[in-house]
Asker: 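Let me give you the structure first, and then I'll get to my questions.
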Amino acid sequence: MNNDNSTLSLSILSGKGGVGKTNIVLNLGYALIEAGYSSMLMDCDLGLANLDVLLGLSPERNLQDLLQSDMSPSEVAVPIEEGLDILPATSGVPELVEMDEDMQDVLFGKLLTLAGQYDFLMLDLGAGINHTAMAFASITQLRLVVVTPEPTSLTDGYATIKVLNTQHGINDFLLLVNQVSSAKEAQQTHERLAAACKNFLGVELRNLGHIRQDSNVLESVRRQTPFMKFAPDCNAAKDIRSIARKLVRYRSDNIERIAGRHILKEFPV
Amino acid sequence: MPNNDPLKPNESALLREMNELQQELCNRANEHCAGTEDDSALWVCRLFPGVDFKDWEELTSKNPLEEWLTLPLDGSAVPNVRLVQRNLAKLSYETRHDPLTNLANRRAFDRMLDVEIERSHRNRTPLSLALLDLDDFKKVNDSMGHPTGDLVLSEIGAILSKAVRRYDLAARFGGEEFALVLPGTGLVKAKRVLERILLAVRSATFTSDEGNEFSVTISAGLTCYKGTRDMSVKKIVGTADEALYAAKDAGKDRVEVVRLPEMDSVPRESLVQANEKQFLFGK
């Protein structure tokens, strides 16, 4: 399975729920469109189909339909904007990890054919340290851990990194600090977490950026509209744009390398 | 019920011939012929004038002839096939049940527990398992005799059958030991079910052959699986057994609980240690 379009896969995870993960994924998708890049969002948030809620959608099909019929992946994907599609996966995801290998191959074959048509594939993973989320986090090319400056979020974020490192041998992570009051607070949060990761795990935690606290974010969630659309000039939108730019740069800097790798690795045994 | 009516001469001749034939063909009397599923296996047909279906039905009810199929030369074969089907149902019931108490036997218990563990794991629903053991049952057998002991066991079987819901399973685990599988039931509810059973056992009175009234008590060990981690039949039964020992040690006629560890799906080394927290929040 080659990756001719250099699709960059990225899983977004957090230890604690409610840190704004799903909202970030969605708005990142919008920021990438602005920058001229297409993406597919895969909703793997188990049990909580948050992407649907944020957009006020109720998709009729999901990932599991791909297995049960000769349906093509593009029939399951829900178009949101030109260059931004959502693959509602919620109910099929835990089964996917435990599926036998032949079935997994069939599904992944279909999934990757679809994903290969986009520049970015973003997996919105559920909160918490569960087997499914960890398995998915270990098959993407990049992992973005979202935390807030709250101590509990920080601890849970660290625990997530620790499990992925000690159980799955993964040692590269990106950090995004959400809901910060200032750039300084974001920097401190990153420094603390990065120091702990380096000191105890020997893991490098790169800082992808932060998103400032912004009342527009809450309002946009209430209106089931992404804040990139609702208040395109608010602080949160500016921060998301800067994060999107960094991802785009990473992709273009490494475009050859990405093309030479699978979009998603195989699940660890 | 064994019927001691003498066989008619042609019936006993038939029986003798069938047994001899089977012995001859299989070399050993009570073992199935090997390779009977093979297409090339021999069909042995023997006409027996003078033995009708009713005679045959009677013969099979008294002798282990379940593997023989008779067909009438004229008339409908339906009664004959029905007889085979009835025997099949009876044998299949017998492989799953304990003859004395009519509860499920160990084989049925093992199979159901295995399935329920998987269901519990998939759906993250609780599954309770209790092992029960009659207190000082040896004394009952020794002083009142085994027939009275059997009576007690069969009454306990009746109490257990009455106490459970349709999708629960009550089994005789062996000897004077019983088991209850309660799918979808957590510790609190399961404990209530067991307390009711203990009370019912305590309140039941039995009469020995000599006319002495007596009663018995039972101890129970309970454990509950929440479906959060991998679990084996062996582990969950072992844990319930541990709880049963605790109930016996604590003075019998009671329910004791031993909890199954549920959290070890996250290995210890992946938990955040105090020194790591200090590093995260230190000044």
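A, B, ... follow the sequence lines: proteins, then strands. Residue 1 opens every chain.
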Asker: Mind listing the closest non-hydrogen atom pair of B:A220 and B:A247 along with its distance?
Answerer: O-CB, 3.5 Å
Asker: What are the residues of residues 198-211 of chain A, in order of number, with any heavy atom under 4.5 angstrom from a heavy atom of chain B?
Answerer: A:N199, A:F200
Asker: Applying salt bridge (Lys or Arg N to Asp or Glu O under 4.0 Å), can you list everything that pairs with B:K248, at least two apart in sequence or on another chain?
Answerer: B:D133, B:D135
Asker: Tell me yes or no: between the side chains of B:D98 and B:N102, is some donor less than 3.5 Å from an acceptor?
Answerer: no
Asker: Can you pull out every side chain to side chain donor-acceptor pair (under 3.5 Å) where at least one residue sits in residues 187-198 of chain B? Sequence neighbours excluded, please.
Answerer: none
Asker: Checking side-chain polar atoms at under 3.5 Å, does A:T140 have a donor or acceptor matched by the opposite partner on A:S11?
Answerer: yes
Asker: Once side chain to side chain donor-acceptor pair (under 3.5 Å) is applied, what residue pairs with a partner in residues 156-165 of chain B remain, sequence neighbours excluded?
Answerer: B:R165-B:Y167, B:R165-B:D168, B:R165-B:T185
